[in-house]
Novice: 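Pasting in a structure now, in structure tokens, and then I'll have a few things to ask.
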Amino acid sequence: MIIIIIYTIISFLLDALISNFVGTNLANPSYFITIYSVIALVVSYHFFDNDNKYLKILIILGILFDVVYTNTFLLNIVLLLIIYFVIKWLNMYIPNNLFTINIKTLLAIGIYHSLSFLILSFAKYDHYTFKLLLTVLSSNIIMTIIYTTISYLLIKKLYYKKYYKKIK
């Protein structure tokens with residue numbers, strides 16, 4: 001479990017590090033930006049046998065994301081819980097391999113941005129248009145696939161080399 005926690009912390013810090021060094025904003029998204037924390041949650045999900053520990057990590061990460069990055073209350077926890085239910089449902093029907101984990105992370109990033117767009121639309125935030133949503137989603141594809149692929153292969157190798165089983 002310590003490998004998953006370290007990986008999640010690194011992903012959380014990578015969100016801040018990349019956003020500080022890559023000059024981007026909502027109107028001009030970069031191809032090097034994605035939500036590394038969401039990717040970490042999707043990649044690490046299938047290493048858990050017990051959902052309670054996973055949900056604790058998810059809620060802590062959602063609280064930290066709300067406080068540190070978005071300055072909202074409970075928004076990211078709700079978004080991450082919705083992503084959790086989608087990933088849980090997908091894991092019942094789709095096996096985990098490099099291709100499917102990339103599809104799951106792309107779907108999770110898409111859900112995160114789409115739900116954020118809907119919430120901002122309901123809040124009458126006019127600067128986040130549907131065209132901008134499509135631009136953000138398309139610019140996230142490259143880095144999401146790169147980070148997911150590297151993460152999945154590295155975590156799988158490290159985890160199974162040391163533990164050989166799922167986290168209970």
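Here the structure is a predicted model, which is why all the values come from computation and not from measurement. Hydrogens, waters and symmetry mates are skipped; everything else that's a heavy atom, side chains included, is used.
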Novice: Using atom types as modelled and distance alone, determine if a side-chain donor or acceptor of Asp15 lies under 3.5 Å from a backbone N or O of Ile35.
Specialist: no
Novice: Tell me if the aromatic rings of Tyr147 and Tyr36 count as close, with their centers under 6.0 Å from one another.
Specialist: yes
Novice: Kindly give the heavy-atom pair with the smallest separation between Ile101 and Leu98, and that separation in Å.
Specialist: CG2-O, 3.4 Å
Novice: Report the C-alpha distance between Asn76 and Tyr112 in whole Å, list the side-chain angles of each, state the deciding distance to 0.1 Å, and finish with yes or no for side-chain hydrogen bond (donor to acceptor under 3.5 Å, both in side chains).
Specialist: CA-CA 9 Å; Asn76 284 298; Tyr112 184 89; 2.4 Å; yes
Novice: Taking atom types as modelled and ignoring hydrogens, do the side chains of Thr105 and Tyr152 form a donor-acceptor contact shorter than 3.5 angstrom?
Specialist: no
Novice: So, does Asn50 use its side chain to make a donor-acceptor pair with the main chain of Lys53 at under 3.5 Å?
Specialist: no
Novice: Quick one: pull up CD1 in Ile39 and OG in Ser151 and give me the separation to the nearest 0.5 Å.
Specialist: 7.0 Å
Novice: Which side-chain N or O atoms in residues 81-95 pair as donor and acceptor under 3.5 Å with protein atoms at least two apart or in another chain?
Specialist:
{"unit_1": "Tyr84", "atom_1": "OH", "unit_2": "Asp51", "atom_2": "OD2", "d": "2.8"}
{"unit_1": "Lys88", "atom_1": "NZ", "unit_2": "Asp51", "atom_2": "OD2", "d": "3.3"}
{"unit_1": "Asn91", "atom_1": "OD1", "unit_2": "Lys104", "atom_2": "NZ", "d": "2.2"}

Novice: Please confirm whether the backbone N or O of Phe47 pairs with a side-chain atom of Tyr54, one donor and one acceptor, at under 3.5 Å?
Specialist: no
Novice: Got a sec: does the CG of Asn71 have more than 12 other heavy atoms crowding it under 6.0 Å?
Specialist: no
Novice: State whether a side-chain donor-acceptor pair under 3.5 Å links Thr144 with Thr34.
Specialist: yes
Novice: Determine the minimum heavy-atom distance between Thr149 and Ile145, stating which atoms define it.
Specialist: OG1-O, 2.7 Å
